[in-house]
Amino acid sequence: MEKVKLFFKKTGMNRPLWLLVVVLGVVLFLPGYAALSRSGVAVNVLAVILSALSLAGLLTVFALELGRCSRVSGVVLFAFLVSVVLFVRLSHALLVDFSGHGFTDEVFFHFEPESFRVGWQDYKVLLSGVVGLLLLLVVGSGIVLVRAVRRPLGGLWLLVFLFAGVFYASRSASSEYLLFSAYRSYVERSQPLTMDHAMLTRFSDLQLIHPAVKRKSGIKVKEPQHPRNLILVYLESFNSGLTEVSKYPDLTPSLNRLQKRYGFVENYYTSGFVTIEGIINSQCGTLADMSMGSNSFMGDESRMIELPCLGDVLQQAGYRQIYLGGAPVEFAGKGNFLSAHGFDEIRGYEYWQKQGFSQRPGKWGLSDAELFDQALLSLDQLRKNPPYNLTLLTIGTHLPGYSYRECEPYTGPAGTDSFLDAIHCTDALLGSFVDRLESGGYLDEDTTLVITADHGVFPTPKMRELFGEMVDDRRLVTIVAGGDFPRNVPMAAYDLAPSLLDFLGIDHDTSFVFGTSVYAPGHPTDNFLTRYGDIIGGRFQENNPVRCGDIDPAFLPTLPLDPCGKRLLMSAVAAYQRQFSAQDNSEGDICQEARPYSAVIPEEESQPVAVWFKGQAQEGKYSKEGWFVNPGRKGAYLLDAGRSGGDLNRRFYDFSSSSEQQMLLRDIGKIEQGRFVSLILRLDEGMQPQAEVLTWLKETTGNFNDQQWRHAALAGFTPLSSDHLISMEELESSGLTLELDSPTCVRLTTN
């Protein structure tokens, strides 16, 4: 004991400093313990206490050491480090409360401003209290630290070793180490991979994947003689079990009524865990590669751009497609993804704001009530020119749950709750929407309504408290109204796209990585896959831990997949899917690239234009009023870039509007000389350039007749000269390619 007292005496730490360590340790312990205890894992309370106290000690010692040189610097460093550590621990606790898990892949690919804004909205009372506590802690700590550095301090380095050793020994109970481990594993699983054809063959033999998938630019689609319209409604976080929770009678009366009228698809299993993943899987018949470098759909418009999806096939079948959602389309990259896969218009909260809508107090995005109203208005326009696909995504049952003034709160014998109110409200609004579809004649013999969900509810402590084991039931609510859709055949969400295409009677040669049609003879009925686990014999089986370790090269996966087999599968699929993404070859000067620019304009009007600049696809990146447009849309596509290929601007102009034609002239006139510019026209007879625009085109490029402007490409450096225009009527082939070889030469080659 005397030696211990002597040791602490040598450090120079007095009682106020030790009290500071204890107080800070308690502050760090509370969120750390809350996160671990509510995540469903076994908790070593002593380890949590030691990790918090040792970390508090390290922060204090570092501040004291720096305070010897500058008291202000010591206090500032202490305040900063405490803020960071408290942020990590509080985030850990809130993530468990919000999603049922701590630091997972979802955390890293949702790391964007909108996530923080939503988090602040949902937890602002708690966060405000934490900020106040932090300020109080920093002020009190600052006083203690300033007084402490006035007196000589001894061997603080001894305490550094002590605290560091204790923290290392108890690291598995600290939020900081769990964050580090999760990110390390996230990065490790995201390293560039070479596709292993032998392993792909193995998984193909197990009938898990179908690797012979065409790029979407190579698929062939025939427009059906009697096309059916599609109304596809994604309900946010909606398990089928929510309609049959015995302790909450009449929680979903509308869905129960619709089930009796149309019937449920009884065993429709989710294949995703977050919204963008659920949409990609169900639209593209795959398991989305959500690893690092692949998950950021919001920043990489070329991600899986050539993977064929439902929207791509419907586009070639002549469908006009609109997406409506209440959340911002930039959130998790929904807008970029949908615009690259056949949707003509994508309307999220950014769009609704411009239309005069505002976010209701305490809610997120556009309310479901207003979303369904806008869907009916959109249908009024779409039904004038069928076939069409209107896709909606609700927001009300997104955690923590939002209900609206248009709905009555849920009252049941087991009591009420805000999330129960949200479910009850979404159900009521959906029922009203379907009733209006029926009474308004929208659900005629030529229209199919599909109601499903993006994924199930998160397994949070709150959800388990409300719904018990139902949280682990991976089946999603799914109803198909209009037509005889198989309702007793088990299917995964990635089977939706091929199944709907068959159901709609669309003749195509598209295949999907995982998805198979429920009409196909070889459609599986027992085994379905997800990113984290598998459905084996109708039961969910976890098989994807954070790490798997080294895998023997001779290892051959078998069903059911173990953790290593799942890791191999997802690695093989990730490598395979990278083949469907545009490769970025943007390094170097534009004049040194072998093929810096090319534009392919198909002869068939239904086919989208394809534009490549410095090795990267551009067709999904043209925008109008800040929104990406479908590359098959008729109008003018203007690309403006400097000689180095940087500072790209891509804009779309609707030539059916005279004001937009004038806007094109103004925009071109503002472009500085010496910049590379391309202009592509995809016009029909109703989009003839007005006189002023046609005069400019003829003066710039030569004397072409009016009909030759329907399909034309113009490329070169400003000011544009006459030999840079090529019209489709001059070619006998199915398309054209313009390749820019130098600042003064544009070369034409045929495909």
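Quantities reported herein were computed from a predicted structural model and do not represent experimental measurements.
For the pair D368/Y402, no side-chain contact is recorded, criterion being any heavy-atom separation below 4.5 Å from C-beta on. Using a 4.5 Å heavy-atom threshold, the side chains of F419 and L399 count as touching. In this structure, W364 and P328 have side chains that are in contact, with non-hydrogen atoms separated by less than 4.5 Å. Annotation: side chain of D417 is not in contact with side chain of Y410 (no heavy-atom distance under 4.5 Å). Side-chain atoms of F264 and T243, non-hydrogen and from C-beta on, do get closer than 4.5 Å to each other. Between H210 and T286, the closest side-chain pair of non-hydrogen atoms is not below 4.5 Å. F343 has its side chain within reach of T391: a pair of non-hydrogen atoms, C-beta onward, lies under 4.5 Å apart.
Remark: L420 CG to C425 SG distance equals 12.5 Å, nearest 0.5 Å. Interatomic distance, T448 OG1 to L232 CG, rounded to the nearest 0.5 Å: 11.0 Å. The line from CD of E236 to OG1 of T394 is 6.5 Å long, rounded to the nearest 0.5 Å. In this structure, CD1 on I279 lies 6.0 Å from OG1 on T275, to the nearest 0.5 angstrom.
Listed here is the closest heavy atom pair of G311 and Q321: O-NE2, 2.8 Å. Smallest separation of non-hydrogen atoms from L529 and F514: CD1-CE2, 3.5 Å. P557 and G565 get closest at one heavy-atom pair: CB-CA, 4.1 Å. Minimum heavy-atom separation, T510 to I219: OG1-CD1, 3.7 Å. Residues S271 and E277 share a closest heavy-atom pair of O-OE2, 4.1 Å.
Under the 4.0 Å criterion applied to side-chain N and carboxylate O atoms, E176 and R89 are assigned as salt-bridge partners.
Residue pairs meeting the side-chain hydrogen bond (donor to acceptor under 3.5 Å, both in side chains) criterion with at least one member in residues 511-529, sequence neighbours excluded, are D502-S517, T516-H523.
Distance alone, capped at 3.5 Å, is enough to place a donor-acceptor pair between the S499 side chain and the V518 backbone. Put simply, the side chain of T426 never gets that close to the backbone of I423: no donor and acceptor are under 3.5 Å apart. Looking only at distances, a side-chain donor or acceptor of K216 sits under 3.5 Å from a matching main-chain atom of I305. Listed for the D454 side chain is a donor-acceptor partner under 3.5 Å among the backbone atoms of S237. Using a distance-only test at 3.5 Å, with no hydrogens or angles considered, a donor-acceptor pair links the side chain of D473 to the main chain of R475. In this structure, the side chain of K566 does not engage the main chain of Y532 through any donor-acceptor pair within 3.5 Å. Between the side chain of R228 and the backbone N or O of F503, no donor-acceptor pair lies under 3.5 Å. Y319 contributes no side-chain N or O that, together with a main-chain N or O of G342, makes up a donor-acceptor pair within less than 3.5 Å.
Residues passing the side-chain contact (heavy atoms from CB on, under 4.5 Å) test with D250, sequence neighbours excluded: none.
Here the rule is salt bridge (Lys or Arg N to Asp or Glu O under 4.0 Å) with D509, and of K220, K214, K222 only K214 fits it.
In summary, the aromatic rings of H341 and F337 are positioned with their centroids under 6.0 Å apart.
For K247, the NZ atom sits in a packed shell: over 12 heavy atoms of surrounding residues, nucleotides or ligands are nearer than 6.0 Å. In this structure, D484 places its CG atom where only 12 or fewer heavy-atom neighbours from other residues, nucleotides or ligands lie under 6.0 Å away.
Between the side chains of S282 and Y234, at least one donor N or O sits under 3.5 Å from an acceptor N or O.
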